[in-house]
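Following: one structure in structure tokens, then a few remarks.
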Amino acid sequence: MKISAVIFDLDGVIVSTDEFHYQAWKQISDQEKIYFDREINERLRGVSRMESLNIILSLSEKSYYDTDKELLAQRKNDIYCELLNKLSPNDILPGVINLLLSLKARDIKIAIGSSSKNTPFILEQIGLASSFDKVADGNSITNSKPDPEVFLLAAKKLGVTPEECVVIEDAQAGIDAAIAAGMIAVGVGTAASCVNAHLKLKDLSTLNIDKLIEVNEIRS
Ligand code: BG6
Ligand code: MG
């Protein structure tokens, strides 16, 4: 099977917004007097805003009404969006631009597959709003990763089969979603320790099409 498309996660793969998510959740946890650190934060990668909040609140003795949760999720997003205002193309992670250009040059389609509802704003801020063939994000899905919905939607929008797609992810939930979708899963950053990924990398500066073809051949 040939590789027809590469689907990129956004936060922590294209841009360093994963750090902003951490900072915003840290403020909410401190406000609620709930212990929160970077290790706990790893469990929030790739999962939706409300599911992330539920993980944090499960560490509290207190019980929260749905209305309280809505307010906390809104407050977290306000803090996060304030941080997003500072974003610029300088925050694009190493290797991303070169990889996007080389995929385009080889006629391999590119898409975003992200759980984030802030995807359009982030792409705008980093100057990549019109760089992807298709975008599937938190605004168009019901189930967040590890459910494969967002990646299957991206493949459908691109008009390719799941087997022809490679997913690039920094989250365990995202790697699981890619595998559940029947796609090749490349883990970058922290997910580079993920045992299920077909390929693991520190960042995208060492990834090229030949490497992807090699992984695809081993899988087939
Ligand atoms: C994912 C992040 O990309 O988007 C998660 O890894 C985040 O940490 C999720 O919770 C939802 O993001 P947003 O921007 O809709 O709150
Ligand atoms: Mg991510």
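FYI, the numbering just counts along the sequence from 1. Below, each value reflects all heavy atoms present in this structure, side chains not excepted, and no hydrogens, waters or symmetry copies. Note that ligands are numbered from 1 as they come in the structure, with each ligand's atoms numbered from 1 the same way.
Ring orientation note: the planes of Phe132 and Phe8 are nearly perpendicular, at an angle over 60° on the 30°/60° scale. In this structure, His21 and Tyr80 have parallel ring planes: the angle between them is below the 30° cut-off, well short of the 60° mark.
Within Asp170, the N/O/S atom positioned nearest the Mg ion (ligand 2) carries the name OD1. Take the N/O/S atoms of Asp11: the one nearest the Mg ion (ligand 2) is O. The atom name of the N/O/S atom in Asp9 closest to the Mg ion (ligand 2) is OD2.
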* Asked: Given Arg38 and Glu19, is the salt bridge (Lys or Arg N to Asp or Glu O under 4.0 Å) satisfied, shown in steps?
  -> CA-CA 10 Å; Arg38 286 183 185 273; Glu19 177 60 25; 2.9 Å; yes
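Residue-level proximity to ligand 1 for Ser48 is carried by the backbone, the only part with a heavy atom below 4.0 angstrom. Both the backbone and the side chain of Ser116 come within 4.0 Å of ligand 1, judged by heavy-atom distances. Counting heavy atoms closer than 4.0 Å to ligand 1, residue Asp18 contributes nothing at all.
Of all protein heavy atoms, the one closest to atom 7 (C) of ligand 1 is Val47 O, 3.2 Å. From the protein, the heavy atom lying nearest to atom 6 (O) of ligand 1 is Gly46 N, 2.8 Å. Among protein heavy atoms, atom 2 (C) of ligand 1 sits closest to Asp11 OD2, 3.5 Å. Looking only at protein heavy atoms, the nearest one to atom 16 (O) of ligand 1 is Arg49 NE, 2.8 Å. For atom 8 (O) of ligand 1, the nearest non-hydrogen atom of the protein is Leu44 O, 3.2 Å.
Between Asp170 and Arg45 a salt bridge is recorded (basic side-chain N to carboxylate O distance below 4.0 Å). Note on Lys117 versus Asp137: no salt bridge recorded, every NZ/NE/NH1/NH2 to OD/OE distance being 4.0 Å or above.
Among Gln27, Lys26, Glu32, the single residue meeting the side chain to side chain contact (heavy atoms under 4.5 Å, CB included) criterion with Asp30 is Lys26. Test Gln74, Arg75, Lys76 against Asp78 for side chain to side chain donor-acceptor pair (under 3.5 Å) and you get one pass: Gln74.
By the 3.5 Å distance cut-off applied to N or O atoms, Asn77 is not counted among the residues near ligand 1. Ligand 1 has no N or O atom lying under 3.5 Å from any N or O atom of Arg45, backbone or side chain.
Of all the atoms in ligand 1, the ones that sit under 4.0 Å from a non-hydrogen atom of Ser52 are 10 (O). Listed by number with element, the atoms of ligand 1 under 4.0 Å from a non-hydrogen atom of Lys117 are 13 (P), 14 (O), 15 (O). Listed by atom number, the atoms of ligand 1 under 4.0 Å from Tyr80 heavy atoms are 14 (O).
The Mg ion (ligand 2) has no N, O or S atom of Asp18 under 2.8 Å away, backbone or side chain.
Both Val188 and Ile122 are assigned to one and the same hydrophobic cluster, defined by single-linkage of ILVMFWY side chains at heavy-atom distances under 4.5 Å.
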